[in-house]
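Notes follow the structure.
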Amino acid sequence: MTYLAKPKFHHPRLPRNALGLTRRDYEGTMSTLCAGCGHDSVSAAIVEACFELDLPAHKVAKMSGIGCSSKTPTYFLSRSHGFNSVHGRMPSVATGANLANSELKYIGVSGDGDSASIGLGQFAHAVRRQVDMLYVVENNGTYGLTKGQFSATNDRVSVGRKGQRNAFDAIDLAVLAIQLGASFVARGFSGDKEQLVPMMKAALSHKGFALIDVISPCVTFNNHTGSTKSFEFVRDREHSVVETDYVPLREEIVASYAEGTVIEVELHDRGRVRLRKLDAAYDPTDAAGAVRHIMERQEEGEVVTGLLYLDTGDSELKEKLEMVETPLNALGEAELRPGAAALERINASLR
Amino acid sequence: MTYLAKPKFHHPRLPRNALGLTRRDYEGTMSTLCAGCGHDSVSAAIVEACFELDLPAHKVAKMSGIGCSSKTPTYFLSRSHGFNSVHGRMPSVATGANLANSELKYIGVSGDGDSASIGLGQFAHAVRRQVDMLYVVENNGTYGLTKGQFSATNDRVSVGRKGQRNAFDAIDLAVLAIQLGASFVARGFSGDKEQLVPMMKAALSHKGFALIDVISPCVTFNNHTGSTKSFEFVRDREHSVVETDYVPLREEIVASYAEGTVIEVELHDRGRVRLRKLDAAYDPTDAAGAVRHIMERQEEGEVVTGLLYLDTGDSELKEKLEMVETPLNALGEAELRPGAAALERINASLR
Amino acid sequence: MTRVNEFVIKFANVNGSGSASANALFARAVFRMGVPVAPKNIFPSNIQGLPTWFEVRVSAKGHLGRREGIDMMVAMNPQSWDEDLAAIVPGGYLLYDSTFIREIERDDIHTVGVPLTKLVNRRFEIPRERQLFKNVAYVGALTALLGMDFEVVKEMIAAQFRGKDKAIQSNIEALAVARDYALEHFDCPLDMRIEASDAAGDSILIEGNAAAGLGCVFAGATVAAWYPITPSTSLAEAFERYCNRLRIDGATGRKKFAVVQAEDELAAIGMAIGANWNGARAFTATSGPGISLMSEFLGLAYFAEVPVVLFDIQRGGPSTGMPTRTQQSDIVSCAYASHGDTRHVLLFPSDPTECFDFAIEAFDLADRLQTPIIVMSDLDLGMNDWTSRPLAIDESRGFDRGKVLDAAQLDEIERFGRYLDVDGDGIPYRTYPGAHPEKGAFFSRGTSHNEYARYTEDGAINERVMHRLNRKFDTAKTLVPAPEFGQENRGATMGLAYFGTTAAPVPEAMELLAERKIHLDTMRIRAFPFSREVEEFLRGHEKVFVVEQNRDAQMRGLLVNECGVDPARLVPILNFDGFPVTARRIADLVCAALGRGGEDAEDEAAAAGHAAE
Amino acid sequence: MTRVNEFVIKFANVNGSGSASANALFARAVFRMGVPVAPKNIFPSNIQGLPTWFEVRVSAKGHLGRREGIDMMVAMNPQSWDEDLAAIVPGGYLLYDSTFIREIERDDIHTVGVPLTKLVNRRFEIPRERQLFKNVAYVGALTALLGMDFEVVKEMIAAQFRGKDKAIQSNIEALAVARDYALEHFDCPLDMRIEASDAAGDSILIEGNAAAGLGCVFAGATVAAWYPITPSTSLAEAFERYCNRLRIDGATGRKKFAVVQAEDELAAIGMAIGANWNGARAFTATSGPGISLMSEFLGLAYFAEVPVVLFDIQRGGPSTGMPTRTQQSDIVSCAYASHGDTRHVLLFPSDPTECFDFAIEAFDLADRLQTPIIVMSDLDLGMNDWTSRPLAIDESRGFDRGKVLDAAQLDEIERFGRYLDVDGDGIPYRTYPGAHPEKGAFFSRGTSHNEYARYTEDGAINERVMHRLNRKFDTAKTLVPAPEFGQENRGATMGLAYFGTTAAPVPEAMELLAERKIHLDTMRIRAFPFSREVEEFLRGHEKVFVVEQNRDAQMRGLLVNECGVDPARLVPILNFDGFPVTARRIADLVCAALGRGGEDAEDEAAAAGHAAE
Ligand SMILES: Cc1ncc(C[n+]2csc(CCOP(=O)(O)OP(=O)(O)O)c2C)c(N)n1
Ligand SMILES: Cc1ncc(C[n+]2csc(CCOP(=O)(O)OP(=O)(O)O)c2C)c(N)n1
Ligand code: SF4
Ligand code: SF4
Ligand SMILES: [Mg+2]
Ligand SMILES: [Mg+2]
């Protein structure tokens with residue numbers, strides 16, 4: 001896992017990167033998400049990763065669908081163009097943008113509803129096409145923006161809880177991506193910057209489709225305890241005047257643990273998630289092995305985090321389509337338009 | 001694999017089943033597919049399976065999307081209602097039909113374009129919901145009805161051919177279904193009735209979502225040799241007057257081989273597919289193992305056929321939703337409409 | 001002017017601060033005192049931290065449309081302080097938390113400062129309680145200022161928290177502390193106040209979506225397939241909630257219904273279509289973006305003639321648009337949804353009672369006409385509480401399942417043809433799968449077919465089928481709800497046509513116009529296709545104003561196109577800023593259209609005041 | 001009447017039998033002789049075994065619209081023998097394979113039997129060759145019967161199989177054997193024949209889809225994202241084919257373009273939008289069902305103002321409908337695609353040359369207007385060869401990329417606002433991602449936004465943006481192709497409006513009407529929104545007939561709605577059986593509408609003959 005360099009130690013007195021930019025230059029407008037939302041931590045990690053990688057912000061394009069998660073691109077890299085498309089369809093828009101200009105870096109931000117439900121087809125095919133981008137799923141197991149319906153992704157938080165198993169099998173986007181041939185598949189936790197930032201840097205440095213499935217708890221809708229009904233259930237246990245529109249100010253959940261160890265993180269609704277960080281022994285180049293490992297740990301109620309799968313051999317979309325080096329949007333009339341003579345020859349062939 | 005009973009020996013003089021019906025009673029209108037199309041063999045297998053299972057034809061509903069494959073429901077069980085919906089959306093229509101009346105058997109027929117491209121999302125979620133149905137994918141690696149574009153499924157036939165590897169990773173619907181929690185996943189070959197018919201009977205007897213991915217060669221568009229360009233390539237090797245609209249009359253491809261053995265089947269375009277039939281030693285109850293086995297054989301250029309995965313433990317959609325036994329469409333006004341009194345109580349609570 | 005039982009009060013809060021329940025408590029209390037109210041929740045597309053407003057129009061006269069100008073502002077949100085202050089009418093009131101000193105630039109309003117934070121913090125420790133009871137407290141102050149019956153409010157608290165004595169006690173404490181402060185420091189009640197009345201009569205307070213969801217239960221719907229989207233979500237959720245109360249099998253505790261949260265809108269309507277095809281009553285609910293995604297399936301249901309009920313709770317478009325604002329801008333997209341020649345039946349409910357009635361109507365029409373029925377509600381109607389007539393059903397009237405042949409009937413007929421027009425009304429007969437061992441099976445398809453549901457490429461046959469579908473649409477004109485006429489349609493030369501939520505402000509608008517000596521006959525359109533009466537009304541008036549809440553005058557376009565009237569005679573009266581149109585704006589625009597120069601200015605003013613919000 | 005260079009010949013074949021190439025060879029040969037032809041491929045939605053027809057209208061006069069009645073039928077398909085026989089006009093010819101004895105009930109036609117099978121089988125062994133050369137053989141017979149220049153045909157064969165001498169030889173043998181038989185047994189040429197002419201002038205023979213695909217190449221399109229669907233597939237394929245010829249980098253052999261077969265239509269247009277947003281010229285092509293699926297994205301592109309070019313090759317709707325038949329029935333769905341208030345720019349090409357020109361026009365308009373441009377072609381135009389003017393480009397005219405600011409320009413301006421209407425034409429300025437290190441970045445969104453692309457829930461601001469979009473649409477009226485007027489628009493009291501492929505039969509229809517003393521001014525609409533000239537034409541004529549190929553008179557509805565004309569003055573002339581409308585039908589329907597009773601009968605007859613196919 002040479003990609004996963006340990007995060008640099010940040011000397012407080014040297015807040016500028018090689019481009020002479022500070023972290024501020026990589027930030028966005030003020031977040032309007034709930035206080036303590038995991039998504040804000042992910043945005044912060046993206047800012048940090050881009051800063052540390054000395055990325056020219058304007059050479060990054062931010063793509064997203066619809067959802068709290070998909071709102072976040074406004075909260076980082078304000079110098080980058082962004083495209084908040086429609087629900088579940090970011091992958092296709094990102095693919096098109098990618099074809100038009102291969103010189104930009106593409107960061108796609110999506111949610112579990114956006115990618116595992118309405119967008120599953122587009123997600124799968126973007127993976128299959130090896131679109132060169134970092135695809136971040138801010139996975140909270142719920143539909144935040146529409147107020148807490150159950151999503152189709154693995155309801156990690158409910159693991160171990162009695163009698164509250166989700167009737168439907170969950171979709172593990174990381175496993176799916178490995179199956180579909182993604183060349184970089186990792187899983188992180190919004191509260192674990194030490195792991196997340198290097199992971200993002202690795203993904204941004206990777207050529208091809210890189211998925212990071214970030215477990216990013218929704219502090220407001222603790223739906224992961226099973227269907228919207230549980231919402232009332234939880235509410236009743238709180239002080240009776242708490243109303244559905246009351247959102248307590250929460251602290252960001254942080255977790256720090258070593259490779260190869262398991263940590264149990266308590267969430268705001270007293271739910272728990274058990275994270276297992278891969279150790280150095282793990283071989284991320286064996287797809288079938290990776291899938292098996294994830295599935296087995298899952299049986300144990302553990303969520304494996306780290307770089308799950310890496311394939312540096314496969315080629316990205318531009319290669320597969322045998323496109324010229326120059327970005328297509330940089331080709332001028334001269335290169336693109338055959339002359340009148342060529343047209344005359346075609347006319348002649350049609351007589 | 002107790003489900004996979006050996007096919008009954010058919011005594012020529014006893015062409016009636018327990019319901020006193022003959023095979024004719026299970027047939028449909030004349031096929032308009034190309035002579036030799038694998039899909040017609042699949043239709044024949046469905047007829048045979050229903051006949052042998054003594055299914056009352058009118059208690060079966062035939063669902064499909066759009067494509068040559070999706071046309072086939074008109075070619076079998078003419079006594080059953082059928083619904084040829086829209087491209088890639090059969091799973092949702094079948095799910096709804098299923099909720100309305102759990103007493104019918106549902107046979108969904110789809111194609112690889114219909115299920116792996118436009119319909120991938122719906123396919124995945126129907127699997128996830130454990131809709132109680134037999135879902136048959138007539139997989140020919142191409143878009144037959146629109147004249148031979150490349151499809152997203154594994155291009156088995158091109159395996160081993162030089163320099164003609166499809167640039168894009170293929171989608172293996174069987175593996176996907178196992179990942180997503182299907183409870184019955186099998187793969188067959190249109191030309192191998194001995195395996196296909198019992199497989200169909202097993203699937204039809206299974207409660208929950210049963211996928212059969214049937215490799216069903218398209219005799220007309222031998223696209224599996226890589227992109228439409230190869231079409232001209234092949235044509236040039238044939239006699240020069242062969243035109244794109246010329247479809248030679250082909251013979252159905254048949255294959256018969258024993259459990260645990262590998263057979264190499266030659267297709268009309270001289271392409272080959274290597275089929276490996278699972279042997280009795282194989283354990284179809286270990287999901288991770290099944291996935292690994294399929295992936296490993298795939299590496300060897302082999303396509304594993306047989307019952308790949310079976311889970312008799314999971315419950316089907318109706319159970320998950322805790323629905324009453326009576327089919328919903330059989331509930332009358334008395335059971336469904338609360339009286340005026342109930343309404344008055346509600347009014348009162350709103351004052 | 002006195003403001004007894006006639007005023008608008010607005011609460012400015014921070015989203016996620018728990019104010020909604022306190023605000024609702026206030027509105028319900030007024031309603032309990034017998035005074036009609038029209039609360040409107042003006043919320044952001046966000047979960048926490050942004051400004052949110054709750055506007056309550058109180059009107060014993062029953063003027064429940066939205067109205068410009070705020071008589072009293074309860075300003076609890078520093079973020080929006082300035083604009084909130086500006087929205088108060090001269091002579092109006094400002095109620096604020098005087099715990100914090102504030103600059104109040106306006107001297108043309110009455111300011112009422114109550115140290116809410118201080119009062120509450122004295123009694124409560126836990127931060128959450130301090131935050132929440134601050135909301136309860138301003139309601140307490142209002143009971144004093146507006147002379148409300150405190151007993152009523154206490155009863156409501158007691159009822160809401162029945163069994164949780166501590167909760168009841170602390171809530172009432174929070175109410176009392178601020179109420180007492182107000183009684184002590186101001187001479188209560190103010191000139192603007194609430195007096196017990198019987199104006200509300202036996203009406204109820206309910207959201208359109210709840211009423212529609214309940215209507216689906218009473219209509220016998222058993223399958224709901226939906227995908228979350230504001231503002232339609234609460235309809236599906238209401239259906240499920242009511243089903244869990246009214247549709248659980250006593251013996252087994254199992255469900256006589258199925259609610260499926262689909263993976264997207266295409267799947268949602270696909271499931272609803274599949275279930276209806278199979279003889280269950282099924283529906284889905286969505287909003288604009290979902291309508292676009294469902295259009296391919298709508299075309300299939302139209303052409304294959306499968307019944308399906310769809311609720312479109314319209315919001316601000318186009319695209320994702322203004323997800324938490326209201327509009328009536330999906331009219332054209334729904335009327336002609338899907339490629340090719342298609343036309344769909346639309347119903348336009350104007351209040352929750354009609355949401356309930358039309359839900360029931362929709363299922364009968366869908367089965368009768370074997371085609372999609374789209375109920376066109378909107379965010380204003382769906383997500384706000386409305387003072388409305390009590391819900392009622394006609395128990396003598398059973399479900400109309402339309403033309404369905406059972407085994408016995410199939411045995412009687414020679415040859416069954418799914419698409420034969422046996423009765424000449426353009427409506428064919430259908431059968432449910434599994435109905436008969438040998439007869440009645442057919443193959444539904446979106447491809448061109450003959451009368452026996454067989455695929456055909458014979459253009460003449462397809463033409464025949466398409467003509468029959470038009471015949472069926474003509475039949476629909478005689479089955480859909482007829483329009484309602486106002487002012488006894490007493491032969492004025494000009495008319496005004498409206499539909500859906502534009503109905504709320506119309507009576508008041510007519511009064512404003514009457515003051516200006518303008519008399520119009522009115523027609524409330526309740527359905528598309530348009531029945532004979534609609535065409536006659538248009539033909540019977542030289543000029544007809546068409547009020548709608550969209551930019552492109554979509555209903556007007558539909559009227560012109562389908563009734564063949566000269567567009568010159570239909571004058572668009574539009575409002576599409578996302579807020580419910582007001583009586584004042586309607587009146588002003590009508591005047592402006594009639595060249596009453598004077599009012600133009602007012603119009604601008606109105607529009608501006610409007611925009612200020 | 002003599003039938004020299006003026007007749008309709010029809011080939012009845014079995015799908016998949018390899019007849020298409022032989023039939024095309026015939027049509028091209030006639031064209032080579034300088035006689036304009038209009039071949040129409042009438043094929044089933046199937047790959048092998050069903051009846052398929054190839055109809056060729058030959059007309060030196062240039063009457064290239066479809067015409068009822070077949071002058072010569074080449075009946076090669078036993079399945080359709082009876083109906084094929086019935087389609088022949090009295091005095092017409094039947095050419096058939098006399099190897100097999102056949103009952104021919106009609107005595108009012110000439111029968112020409114050539115033992116094709118026997119002749120071919122004598123010379124060829126391989127079954128495939130026997131099958132294929134039978135097709136080539138009937139072309140050979142036709143060269144004799146119709147007095148065609150055999151040299152021309154031989155040259156064409158030589159050219160087609162250049163380098164494959166054996167192939168050339170066997171083809172010519174196959175031609176000759178039947179030609180000789182015909183010369184021997186019949187007195188050739190018949191009264192119905194082809195004589196070399198220069199009527200075709202310098203025109204070319206090309207399919208609309210090929211021309212459109214080529215147009216995209218010349219327009220500088222670099223990204224094509226599509227999903228297969230008849231009849232649009234050949235457009236994307238043509239683009240790729242031409243790109244592989246004209247857009248390969250000499251040095252590296254790599255591609256200066258990208259063609260992606262998407263997973264579905266939603267993804268296809270999503271990719272096209274993403275690429276255009278990023279500064280490349282990208283397009284997609286689809287047909288009806290795809291339009292429905294793309295409508296959500298069309299709303300996004302409209303509201304976020306992203307250029308995108310979409311080709312809708314219309315087919316028979318609704319739903320999956322008649323996939324291999326033609327219609328013009330997506331007009332309304334495209335003009336108002338997507339929920340909310342949306343309006344889209346449409347272009348209506350009438351022949352392949354215009355498909356080429358409008359493809360180029362579409363990309364310029366898309367960039368100029370920053371909105372979707374939909375080119376409305378159809379199956380008839382897209383998939384058939386048309387005799388059309390040679391393709392030409394104005395090399396002096398460069399690409400119009402519209403209002404795009406580069407780094408230098410950004411440096412000059414104070415503050416960049418993506419949606420500011422700087423020039424008052426409603427068109428804002430855009431920037432490409434990566435253009436400038438600090439300035440010009442913006443966030444595209446489908447949610448309501450202010451002039452700086454920031455999210456807003458302020459209704460007034462959103463209203464302002466929506467009004468500007470209307471202003472932009474008004475600007476579009478001045479930029480889109482103006483209508484074309486026929487008969488020098490010489491002030492008749494009545495007019496006839498038409499568009500797209502309805503253009504083909506119009507000149508002939510005008511002649512038929514002239515014979516009946518009916519004179520109409522004509523207007524060919526070429527784009528939506530309608531330019532001033534369109535409105536003037538409508539206002540300038542008491543009655544205007546609107547010819548279109550759909551059931552619901554969709555274009556008429558658009559004209560009424562957008563130009564505010566009295567519907568009473570627009571008379572629909574409709575045809576929607578899936579076959580291109582004929583001059584005869586137009587003339588008859590106009591007469592019928594004018595109450596010329598006499599023609600009604602003919603009309604029926606026409607319709608019937610029509611339906612017979
Ligand atoms: C076509 C469409 N359907 C539904 C919606 C409503 N909607 C907005 S966000 C969302 C789901 C958000 O869930 P997720 O993607 O997990 O994001 P989160 O808010 O949890 O971060 C939905 C259903 C929409 N905007 N568009
Ligand atoms: C929405 C939509 N898009 C495209 C099409 C055109 N179309 C018809 S069948 C088909 C694909 C068929 O491929 P597959 O599902 O593999 O079936 P096959 O013909 O190979 O059996 C397509 C793209 C359509 N009918 N509807
Ligand atoms: S609702 Fe949940 S996901 Fe959305 S902002 Fe709040 S905490 Fe985050
Ligand atoms: S085209 Fe291929 S898939 Fe379609 S019917 Fe012919 S052989 Fe079968
Ligand atoms: Mg989520
Ligand atoms: Mg296929």
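Numbers restart at 1 for each chain; the letters A, B, ... are given by sequence-line order, proteins then strands.
- Between Trp277(D) and Phe83(A), the two ring planes are tilted [angle within 30° to 60°].
- Residue contact with chain A, scored on non-hydrogen atoms closer than 4.5 Å, involves the backbone and the side chain of Ala267(D) alike.
- Centroid-to-centroid, the aromatic rings of Phe443(D) and His81(A) stay 6.0 Å apart or farther.
- Contact annotation for Ile269(D): neither backbone nor side-chain heavy atoms come within less than 4.5 Å of a heavy atom of chain A.
- Neither the backbone nor the side chain of Met90(A) comes within contact range of chain D, judged by heavy atoms closer than 4.5 Å.
- Applying the salt bridge (Lys or Arg N to Asp or Glu O under 4.0 Å) criterion to Asp351(D), with sequence neighbours excluded, gives Arg389(D).
- Residues passing the side-chain contact (heavy atoms from CB on, under 4.5 Å) test with Ala258(D), sequence neighbours excluded: Leu99(A), Leu321(A), Met323(A), Leu328(A).
- The backbone N or O of Leu336(A) lies less than 3.5 Å from a partner atom in the side chain of Arg247(D), making a donor-acceptor pair.
- Only the backbone of Ser80(A) has a heavy atom closer than 4.5 Å to any heavy atom of chain D.
- Under a 3.5 Å cut-off, the side chain of Glu395(D) and the backbone N or O of Gly339(A) do not form any donor-acceptor pair.
- Neither the backbone nor the side chain of Ala57(A) comes within contact range of chain D; no heavy atom of the residue lies under 4.5 Å from a heavy atom of that chain.
- Using a 4.5 Å cut-off between heavy atoms, Leu266(D) touches chain A through backbone and side chain atoms alike.
- If you run salt bridge (charged side-chain N to carboxylate O under 4.0 Å, His left out) between Glu322(A) and each of Lys255(D), Arg254(D), Lys256(D), only Lys255(D) comes through.
- Only the side chain of Leu104(A) comes within contact range of chain D, with heavy atoms under 4.5 Å apart.
- In terms of modelled atom types and a separation under 3.5 Å, the side chain of Arg351(A) and the main chain of Leu205(D) share no donor-acceptor contact.
- Within the 4.5 angstrom heavy-atom criterion, no atom of Pro56(A) approaches chain D.
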- May I have the step-by-step check of side chain to side chain contact (heavy atoms under 4.5 Å, CB included) for Tyr455(D) and Thr29(A), ending in yes or no? CA-CA 11 Å; Tyr455(D) 178 65; Thr29(A) 59; over 6 Å; no
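- Only the side chain of Phe31(D) comes within contact range of chain A, judged by heavy atoms closer than 4.5 Å.
- Under a cut-off of 6.0 angstrom, the local environment of CG in Asp202(D) is crowded, with over 12 non-hydrogen atoms contributed by other residues, nucleotides or ligands.
- For the pair Asn329(A) (side chain) and Asn278(D) (backbone), a donor-acceptor distance under 3.5 Å is present.
- Only the side chain of Ile346(A) comes within less than 4.5 Å of a heavy atom in chain D; its backbone stays farther off.
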- Item | Worked verdict on His58(A) versus Glu438(D) for side chain to side chain contact (heavy atoms under 4.5 Å, CB included) | CA-CA 7 Å; His58(A) 69 295; Glu438(D) 283 111 22; over 6 Å; no
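- Contact check on Glu263(D) versus Arg129(A) returns a salt bridge, with a Lys/Arg side-chain nitrogen under 4.0 Å from an Asp/Glu carboxylate oxygen.
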